[in-house]
Number of protein chains: 2
Amino acid sequence: MARKRFDDSNCSVARALNEVGDWWSLLIVLQAMYGTRRFVDFQQQLGIAKNILCDRLGKLVDNQVLKKVDVGEHGSRFEYRLTDKGRDLFPVVVALRQWGDKWNPAPDGQPLDLRDRDTGQPIRPVIVQNTEGYALGIRDVFVPDQSTGEEQTS
Amino acid sequence: MARKRFDDSNCSVARALNEVGDWWSLLIVLQAMYGTRRFVDFQQQLGIAKNILCDRLGKLVDNQVLKKVDVGEHGSRFEYRLTDKGRDLFPVVVALRQWGDKWNPAPDGQPLDLRDRDTGQPIRPVIVQNTEGYALGIRDVFVPDQSTGEEQTS
DNA sequence: TTAATAGGGTTGCGTTACGAAACCAAATTA
DNA sequence: TAATTTGGTTTCGTAACGCAACCCTATTAA
């Protein structure tokens, strides 16, 4: 049977995964954040098959994560650029990177650290915060019951 | 040919996606964060085929995102519980949820909001921050050149 | 004490997606 | 005019997905 889709799921995580939840899409977005814009560059930097890249770029454009721009310059006719929606995946990608660095450190070297362009300082770990900015763990949050507004035990 | 794997990739995002980058794994982790622990509960709440669930739970246990606990109580013999590594995916999941809520809002209702158990206030959007706590976008960060320590243009 | 039920899987099998290589076409460049 | 480059599409073998059916062990009900 067909692979399950989550387009109409009432879970926003599922809907998000429906757009960027496959093997390649997030990596393409990551490359785009590094500045990659052209088809061949994505292909070479990711080592992805062209038909798959084609498919993913198309879907990402359909989902408005990327936009396809026609640039009539010297052989490279199109560029794929991040939209605001795509750029908004920055915290997701950074959080995922930090998780990977922490729990599956690269065998051969130091983790890639991102730094603040202004100060040159490393960035903070991405965390969930309450309104005062304090870190929250899983047990520190709850989902309010829609009907009563009361706290419910998870 | 075999599906591409990223086990030994020097990119930590790729290594992270290798563990939780498929359609179901992150949703399983999400359910676990909601408190689900037993096989049948995962199955019913996610609507996932049993063999797929079996496979994913096994991989998540192999990757130490979940741990399988033998509980000899009244028919339910095993529980799958988050490890510290699994709990550390909290910011990733929350960031993904917020992205999904923002850009693909549920057709039928309000977004699920998480609240601070202590104050009852909604949580903040997950962002990337510099050492002072200020928000950073893609263009505000750079990857220092390993050899020189100099800033490089992205 | 046997039968029924529930939890947790495994097996088969058809459908779909993935991925490498080959092929294609428009636009440049040599 | 020929050779490249960019951006694709096609073909086809392999791997993964997903449903249904079956299986085994404990527990509960009759």
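Naming: A, B, ... by sequence-line order, numbering from 1 per chain. Just so you know, these numbers come straight off a predicted model, no measurement behind them.
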Whole angstrom is fine here: how far is it from CZ in A/Phe42 over to P in D/dG8? 12 Å

Under 3.5 Å: donor-acceptor pair, side chain of B/Asn63, backbone of B/Val65: no

Residue pairs meeting salt bridge (charged side-chain N to carboxylate O under 4.0 Å, His left out), one or both in residues 43-55 of chain A, sequence neighbours left out, come to A/Asp55-A/Lys59

Of all the choices, C/dA26, C/dG9, C/dG19, which nucleotide is nearest to the side chain of A/Arg77 once you look at every atom? C/dA26

Closest-nucleotide 5' rank along DNA chain D - winner of A/Asn51 and B/Asn51: A/Asn51

Taking C/dT10, D/dT25, C/dG19 as options, the one with an atom nearest any side-chain atom of A/Ile52 is C/dG19

Spacing of A/Asp22 atom CG relative to C/dA17 atom P, expressed in whole Å: 12 Å

In whole angstroms, the gap separating C1' of C/dC18 from CG of A/Leu57 amounts to 16 Å

Rounded distance (Å) that lies between atom P of C/dG8 and atom CD1 of B/Ile28: 14 Å

Residue B/Cys54, side-chain atoms from C-beta onward, closest of D/dT25, D/dG7, C/dT10: C/dT10

Looking only at the side chain of B/Arg38 (C-beta and beyond, no hydrogens), which of the listed nucleotides D/dT11, C/dG8, C/dA27 gets closest? C/dG8

Gap between atoms CD and P, on A/Glu79 and D/dG8 respectively (whole Å): 13 Å

Between C/dG12 and B/Lys50, is there an OP1 or OP2 to side-chain N/O distance shorter than 4.0 Å? no

When you check the gap from the basic side-chain N to the acidic O, do A/Asp88 and A/Lys85 get nearer than 4.0 Å? no

C/dC18 OP1/OP2 closer than 4.0 Å to side-chain N/O of A/Trp24: no

Below the 4.0 Å mark, does D/dT6 have OP1 or OP2 next to a side-chain nitrogen or oxygen of A/Lys68? no

Among C/dG7, D/dG8, C/dA26, find the nucleotide with the atom closest to the side chain of B/Val40. C/dG7

Who pairs with A/Gln129 by side-chain hydrogen bond (donor to acceptor under 3.5 Å, both in side chains), at least two apart in sequence or on another chain? B/Gln129

Distance, rounded to the nearest Å, where B/Leu53 contributes CG and D/dA16 contributes P: 18 Å

N or O in side chain of B/Arg56 less than 4.0 angstrom from D/dC17 OP1/OP2: yes

Quick check against the 3.5 Å criterion: does A/Glu19 have a side-chain atom that pairs as donor or acceptor with the backbone of A/Gln64? no

Atom CG of A/Asp70 and atom C1' of C/dA26: how far apart are they, to the nearest Å? 12 Å

Counting the atoms with a prime plus P, OP1 and OP2 as sugar-phosphate, which does A/Tyr80 contact under 4.0 Å by heavy atoms, base, sugar-phosphate, or nothing? sugar-phosphate

To the nearest angstrom, the CZ-P distance between B/Phe39 and C/dT5 comes to 21 Å

Where is the tightest heavy-atom contact between A/Phe42 and A/Ile28, given as atom of each residue plus distance? CE2-O, 3.5 Å

Closest approach of B/Arg97 and A/Ser12, non-hydrogen atoms and distance? NH1-OG, 3.1 Å

Roughly how bent is the helix from C/dT1-D/dA30 to C/dA30-D/dT1 end to end, in steps of 10 degrees, with each end axis from five pairs? 0°

Say whether B/Leu89 and B/Val61 are linked into one hydrophobic cluster, either directly or through other cluster members, by side-chain heavy-atom distances under 4.5 angstrom. yes

